[in-house]
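Take a look at the structure set out below.
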Amino acid sequence: MKILVMNGPNLNLLGEREPAIYGGETMNSINDELRGMAASMGYEIAFFQSNSEGGLIDRLHEARLDCAGVILNAGAYTHYSYAIRDAIAAIKIPVVEVHLSNVNSRDEFRKNSVIAPVCCGSIAGFGKYSYMLGMYALDNKLGEKDE
């Protein structure tokens with residue numbers, strides 16, 4: 001089974017962009033850790049990043065055909081993209097929402113996620129470990145289908 005890890009706008013700048021908020025890890029270093037974790041859990045893993053809403057939507061649509069589930073950090077689109085929300089609802093595979101920072105302790109607008117209601121869960125505030133926790137959560141969700 002394949003897991004897709006998706007990252008939205010500005011996450012390609014991890015390690016450079018506001019390290020006090022997002023940490024010093026780069027996207028590549030996080031992906032390397034996730035690659036090892038996925039292999040130890042028996043999953044194939046794929047990565048996708050786009051600064052474009054349309055690119056994220058297109059890849060979500062493709063994921064329904066080649067992935068068992070998705071770990072998604074939609075970045076700022078989390079708070080206002082009904083198009084991404086509708087894409088998640090349409091694909092009918094589990095999607096775990098993740099965020100590096102604790103969005104609930106930041107700007108008021110970040111406290112609202114329009115994608116959360118169509119995701120199987122949300123994890124925020126644990127830096128790179130939000131992705132690892134997302135992997136465990138997705139593994140658990142996929143395991144429920146086997147029971």
Mind checking salt bridge (charged side-chain N to carboxylate O under 4.0 Å, His left out) for R64 and listing every partner two or more places apart, or none if nothing turns up? none
With sequence neighbours excluded, what pairs up with E62 under the salt bridge (charged side-chain N to carboxylate O under 4.0 Å, His left out) test?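 E62 satisfies salt bridge (charged side-chain N to carboxylate O under 4.0 Å, His left out) with R59 only.
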Holding to side-chain hydrogen bond (donor to acceptor under 3.5 Å, both in side chains), I want the full list of residues that pass it with [X], two or more places apart in sequence or in another chain.
X	answer
S122	E97
D32	R35
D139	Y43

Tell me which pairs pass salt bridge (Lys or Arg N to Asp or Glu O under 4.0 Å) where either residue lies in residues 79-90, with sequence neighbours left out. none
Contact list for residues 123-132, test salt bridge (Lys or Arg N to Asp or Glu O under 4.0 Å), sequence neighbours left out: E25-K128, E33-K128
Please name all residues satisfying side-chain contact (heavy atoms from CB on, under 4.5 Å) with [X], sequence neighbours left out, ordered by chain then number.
X	answer
L133	I123, F126
A90	none
N51	P9, N12, Q49

Short side-chain to backbone donor-acceptor contact, S81 and T78, under 3.5 Å: no
Residues which pass ring pair (Phe, Tyr, Trp, His ring centres under 6.0 Å) with Y77, listed by chain and number, not counting sequence neighbours: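 Expected list: Y80.
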For M6 and I71, run side-chain contact (heavy atoms from CB on, under 4.5 Å): C-alpha distance rounded to whole Å, both residues' side-chain angles, the deciding distance at 0.1 Å, then the answer. CA-CA 6 Å; M6 294 183 64; I71 297 168; over 6 Å; no
Roughly how far, to the nearest 0.5 Å, is the CG atom of L60 from the CD1 atom of I91? 5.0 Å
In this structure, CG of N7 is separated from CG of L100 (nearest 0.5 Å) by 8.0 Å
Could you tell me if the side chain of I88 sits less than 4.5 Å from the side chain of L72, heavy atoms only? yes
Dump the intermediate steps for side-chain contact (heavy atoms from CB on, under 4.5 Å) on I3 and M41, then the final yes or no. CA-CA 11 Å; I3 303 299; M41 297 170 81; over 6 Å; no
